[in-house]
Amino acid sequence: MAKKVLVLGEVRDGALRNVSYEAIAAAKKIADGGEIVGALIGDGISQLANSLIAYGADRVVTVEHPHLKSYTSDGFSQALLAVLDQENPQAIVFGHTSLGKDLSPKIASRLQSGLISDVTEIEGSGDSALFIRPIYSGKAFEKVKIKDGVVFVTIRPNNIAPLEKDESRSGDVSSITVDIQNLRTIIKEVVRKASTGVDLSEAKVVVAGGRGVKSEEGFEPLRELANLLGGAVGASRGACDAEYCDYSLQIGQTGKVVTPDLYIAAGISGAIQHLAGMSNSKVIVAINKDPEANIFKVADYGIVGDLFEVIPMLIQEFKAL
Ligand code: FAD
């Protein structure tokens, strides 16, 4: 049976995050020919509606308010509840991002609905859709089916390919006015740390360093390689604990989960907690001095050697291409 599915577009720095388009592709499978409604919540975001339509949304509903400029649980909940009240969708899809992980369970429990989180693949469509999600830190996958009722779904970035962009698509864009009130927190200012610009969670290439990098300066060649490949730098907790880099780079069970096309692990032993955050990467290259290092068990390509010799060689080779 065709379903009406709502997709929450996620905006960062004035642009839609790629996972929003991936969520539309997931929604299409769930909808099985039904309507896809995009939702945009923020301040000054309505001009992004056409982008959601170009990637497959049939129409878009926006909620704008000065208090929605930055994400707060309270503010976005009030806005999304108003959209759901108007639209009554049978499924709601979010990115499995910090925002999606915070907002989806809150609203799902408020509406006494089910939630299928961290979906990496959808087999089939409509009522027979099977949602595939990793469990036990990525050691196994489970297949979940919707029995009945409204369902909330979060999808892991970089796993479900977006549909082809079609700028000729058109659709209605409407707005809902919501009086955002009784906020327990109001964000006055967001002060960002300097970053390379590529979002680690959505990067197609990740060059990650571990304790083997040995110092803050030791990350420089990794940064150079990542820049060369248009990727982002990540790290093991070992490297973060040793203060070689910021915890925002940590990948693993208690850090970020990444699924890039290429993951280069340099000086990382491959502890189970690290593997939980990267083992689903499409191609894994491990560089380690120790031929017995556990990381080689998940690597597609292994280089036994000193990272301070291997990485400059890789940089040289890529520069020569
Ligand atoms: P090490 O295990 O010390 O490995 C360093 C590696 O570098 C070695 O294999 C060594 O052979 C190699 N090496 C050294 N010098 C060189 C060189 N010059 N060239 C090449 N190779 C070299 N860890 C995470 O990463 N992410 C998490 O989210 C996470 N969550 C955790 C949660 C819990 C509850 C617990 C208990 C632990 C968690 N950990 C996590 C920590 C995890 O168990 C490991 O301690 C950590 O991943 C080790 O980091 P590492 O591989 O950088 O360091």
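In what follows, every heavy atom counts, from backbone to side chain, and hydrogens, waters and symmetry copies are set aside. In listed order, ligands and their atoms are each counted from 1.
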Exercise for review: Taking only Lys NZ, Arg NE, NH1 and NH2, and the carboxylate oxygens of Asp or Glu, determine whether K3 and D127 approach each other closer than 4.0 Å.
Suggested key: yes
Point to revise | N or O contact, G210 vs ligand 1, cut-off under 3.5 Å | key: no
Exercise for review: Answer with side chain, backbone, both or neither: which part of I251 has a heavy atom less than 4.0 angstrom from an atom of ligand 1?
Suggested key: backbone
Exercise for review: Give a yes/no verdict on whether any heavy atom in A276 is under 4.0 Å from an atom of ligand 1.
Suggested key: no
**Study point:** Ion pair check, K282 and D261, cut-off under 4.0 Å
**Key:** yes
Check your understanding: Counting heavy atoms only, which of R237, Q253, K289 comes nearest to atom 41 (C) of ligand 1?
Key -> R237
**Study point:** Mode of S269 contact toward ligand 1 - side chain, backbone, both, neither (heavy atoms, under 4.0 Å)
**Key:** both
**Study point:** Validation row: I92, V150 side chains within 4.5 angstrom (heavy atoms)
**Key:** yes
**Study point:** atom 36 (C) of ligand 1: nearest protein contact (heavy atom, Å)
**Key:** Q273 NE2, 3.9 Å
Review point. Side chains of L222 and I311: does their closest heavy-atom pair fall under 4.5 Å?
Key: yes
Revision key, fill the gap. protein heavy-atom neighbour closest to atom 50 (P) of ligand 1 works out as S236 OG, 3.5 Å
Exercise for review: Pick whichever of P291, A235, G267, A271 has a heavy atom sitting closest to atom 7 (O) of ligand 1.
Suggested key: G267
Check your understanding: In terms of atom number and element, which parts of ligand 1 are under 4.0 angstrom from non-hydrogen atoms of G305?
Key -> 19 (N), 20 (C)
Point to revise | K139 side chain near L275 side chain, heavy-atom distance below 4.5 Å | key: no
Practice item. Look at atom OH of Y301 and say whether more than 12 heavy atoms of other residues, nucleotides or ligands are closer to it than 6.0 Å. Key: no
Revision key, fill the gap. closest protein heavy atom to atom 30 (N) of ligand 1 is T254 OG1, 2.6 Å
Practice item. For atom 10 (C) of ligand 1, state which one of V310, N288, D290 supplies the nearest heavy atom. Key: N288
Review point. G255 heavy atoms, cut-off 4.0 Å: which ligand 1 atoms fall inside?
Key: 28 (O)
Review point. Where do H274 and I251 come nearest, in terms of heavy atoms and distance?
Key: ND1-O, 3.2 Å
Check your understanding: Among protein heavy atoms, which lies nearest atom 13 (N) of ligand 1, and at what distance?
Key -> G212 CA, 3.7 Å
Check your understanding: Got the closest protein heavy atom to atom 46 (C) of ligand 1, with its distance?
Key -> G238 N, 4.0 Å
Point to revise | Verdict with supporting geometry, T259 and N280, side-chain hydrogen bond (donor to acceptor under 3.5 Å, both in side chains) | key: CA-CA 6 Å; T259 37; N280 288 324; over 6 Å; no
Exercise for review: Would you indicate whether the side-chain heavy atoms of Q181 and Q78 approach each other to under 4.5 Å?
Suggested key: yes
**Study point:** Distance from atom 3 (O) of ligand 1 to nearest protein heavy atom, with residue and atom
**Key:** R211 NE, 2.9 Å
Point to revise | Protein contact to atom 18 (N) of ligand 1 [nearest heavy atom, distance to 0.1 Å] | key: D306 OD1, 3.1 Å
